[in-house]
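Below is one structure, written out as C-alpha cells; comments come after it.
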Amino acid sequence: QVQLVESGGGLVQPGGSLRLSCAASGFTFSSSLMSWYRQAPGKEREWVAQITSAGVYNYAESVKGRFTISRDNAKNTMFLQMNSLKPEDTAVYYCHRPLGGWGQGTQVTVSS
C-alpha cells in the first residue's frame, strides 16, 4: 500500500532553514506527481508546492523564492528545502500523492 513518511521538522528561529524529506513506498514514485501541503493551527490545509515526475515545479506565492522542492527518484524521496523561514510558516507539513496518499505530517515551528 501507499506509504509516505515525512521527517526533518523541528523548531527554528526566524530567518533559519529546514529541510523536509518524504520517503515514499508502495507505488511507482518516479512517475508520480508529488506535493507538499501544510496546515497551521486553526486554519485549513493549504498547498505549498508540487513537482512532476519530470521535475517541473510550482509554488504557492507565499513561499516562492524561499522554498525549493526537489526529488530523488533513485531513493524514492521528495524534499522541501525551506529558507528564510517566518513565524507564519509554522504548521504541520504533509507529503501528498495526488493519486492517493498522505503522510502523517511533520511539525515545523518558527519562533524566537
Side-chain angles (χ1 to χ4, degrees):
Q1 70 279 19
V2 173
Q3 190 169 13
L4 300 169
V5 180
E6 302 95 336
S7 61
L11 174 64
V12 64
Q13 293 187 342
S17 298
L18 282 175
R19 189 191 196 205
L20 306 183
S21 298
C22 170
S25 61
F27 63 99
T28 307
F29 177 80
S30 60
S31 62
S32 295
L33 174 69
M34 297 295 297
S35 301
W36 286 100
Y37 279 73
R38 67 185 181 185
Q39 187 166 19
K43 295 188 177 181
E44 293 189 355
R45 192 172 296 189
E46 65 172 357
W47 172 76
V48 174
Q50 72 174 30
I51 185 166
T52 71
S53 58
V56 178
Y57 44 79
N58 283 293
Y59 300 97
E61 284 298 322
S62 59
V63 306
K64 198 173 289 185
R66 299 187 299 121
F67 290 11
T68 302
I69 189 171
S70 62
R71 64 194 298 161
D72 184 340
N73 288 335
K75 295 183 178 180
N76 288 355
T77 304
M78 178 177 65
F79 305 98
L80 187 67
Q81 177 67 43
M82 305 186 295
N83 298 330
S84 302
L85 283 161
K86 306 175 181 180
E88 51 263 43
D89 294 318
T90 295
V92 177
Y93 283 72
Y94 296 92
C95 175
H96 177 51
R97 174 185 179 241
L99 286 179
W102 288 94
Q104 82 289 348
T106 186
Q107 176 71 47
V108 172
T109 303
V110 185
S111 175
S112 55

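Starting from 1, each residue takes its place in the sequence as its number.
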### Message
Can you tell me how far apart CZ (Phe79) and OG (Ser21) are? Round to the nearest 0.5 Å.
### Response
5.0 Å
#### Entry: Under the side chain to side chain donor-acceptor pair (under 3.5 Å) test, residues paired with Thr52 that sit two or more places apart
none
### Task
Could you list all the salt bridge (Lys or Arg N to Asp or Glu O under 4.0 Å) pairs where at least one residue sits in residues 8-35, not counting sequence neighbours?
none
### Task
For residues Trp102 and Arg45, determine if any side-chain heavy atom of one lies less than 4.5 Å from a side-chain heavy atom of the other.
yes
### Contacts of type side chain to side chain donor-acceptor pair (under 3.5 Å), residue Arg71, not counting sequence neighbours
Asn73
### Query
If you look only at pairs with a residue in residues 21-43, which of them pass as a salt bridge (Lys or Arg N to Asp or Glu O under 4.0 Å), with sequence neighbours excluded?
Arg38-Glu46, Arg38-Asp89
### Query
Would a distance-only check, ignoring hydrogens and angles, find a side-chain to backbone donor-acceptor pair under 3.5 Å from Thr77 to Lys75?
yes
### Of all pairs that satisfy side-chain hydrogen bond (donor to acceptor under 3.5 Å, both in side chains), the ones with a partner from residues 79-88, not counting sequence neighbours
Ser17-Asn83, Gln81-Asn83
### With Ser111 via side chain to side chain contact (heavy atoms under 4.5 Å, CB included) - residues at least two apart
Leu11, Thr109
### Message
Could you list the cluster mates of Phe29? Members are the ILVMFWY residues connected by side-chain heavy atoms closer than 4.5 Å, either directly or through other members.
### Response
Val2, Leu4, Val12, Leu18, Leu20, Phe27, Met34, Trp36, Val48, Ile51, Tyr57, Tyr59, Val63, Phe67, Ile69, Met78, Leu80, Met82, Leu85, Tyr93, Val108, Val110
### Sidechain-backbone polar pair: Gln3 side chain, Ser25 backbone, donor-acceptor under 3.5 Å
no
### Message
Once salt bridge (Lys or Arg N to Asp or Glu O under 4.0 Å) is applied, what residue pairs with a partner in residues 99-112 remain, sequence neighbours excluded?
### Response
none
### Summary
side chain to side chain contact (heavy atoms under 4.5 Å, CB included) filter on Ser35, not counting sequence neighbours, yields Tyr37, Trp47, Gln50, His96, Pro98
### Query
Apart from Leu33 itself, which Ile, Leu, Val, Met, Phe, Trp or Tyr residues share its cluster (side-chain heavy atoms under 4.5 Å, direct or through members)?
none
### Task
Indicate the atoms forming the closest heavy-atom contact of Arg97 with Ser32, along with that distance.
NE-OG, 3.8 Å
### Message
If you compare all heavy atoms of Tyr94 against all heavy atoms of Gly103, which two are closest, and at what distance to 0.1 Å?
### Response
CD2-O, 3.6 Å
### Message
Going by the rule side chain to side chain contact (heavy atoms under 4.5 Å, CB included), which residues pair with Ser31 if we only count those two or more places apart in sequence or in a different chain?
### Response
Thr28
### Task
Would you please name every residue forming a salt bridge (Lys or Arg N to Asp or Glu O under 4.0 Å) with Glu61, sequence neighbours left out?
Lys64
### Query
Does any non-hydrogen side-chain atom of Ser30 lie less than 4.5 Å from one of Ser53?
no
